[in-house]
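Written below as structure tokens is the structure these notes are about.
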Amino acid sequence: MCNKERCIDSKMIANGIVLMAIILSALFYYNNAAEIEQEVTEVIFSSLNDGNNSLAEQGYRK
């Protein structure tokens, strides 16, 4: 039998894996924040432009 202090169970391993994933994601984001922001901005503006063109097309047809 193992004590609570010494025994590493599956819950502790799963929590460790989740913690490492969060830390790695934060490091990746920190190192690439400018590129990520540029890509997100590009996607948002592209979507808005497509929506605007679609509305303009619908208004032109009427």
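- Listed by chain and residue number, Ile8, Ile17 satisfy the side-chain contact (heavy atoms from CB on, under 4.5 Å) test with Ile13 (two or more places apart in sequence, or in another chain).
- Alongside Leu19, the hydrophobic cluster contains Ile23, Leu27 (criterion: ILVMFWY side chains under 4.5 Å).
- Grouping Ile, Leu, Val, Met, Phe, Trp and Tyr residues whose side-chain heavy atoms lie under 4.5 Å apart, directly or via other members, places Val40 in a hydrophobic cluster with Phe28, Tyr29, Ile36, Ile44, Phe45, Leu48.
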Evaluate the criterion side chain to side chain contact (heavy atoms under 4.5 Å, CB included) for residue pair Asp50 and Ser54; output intermediate values, then yes/no. CA-CA 6 Å; Asp50 289 346; Ser54 177; over 6 Å; no

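- Between Ser47 atom OG and Asn52 atom CG the span is 12.5 Å, to the nearest 0.5 Å.
- The hydrophobic cluster around Val18 extends to Ile22, counting ILVMFWY residues whose side-chain heavy atoms fall within less than 4.5 Å of a member.
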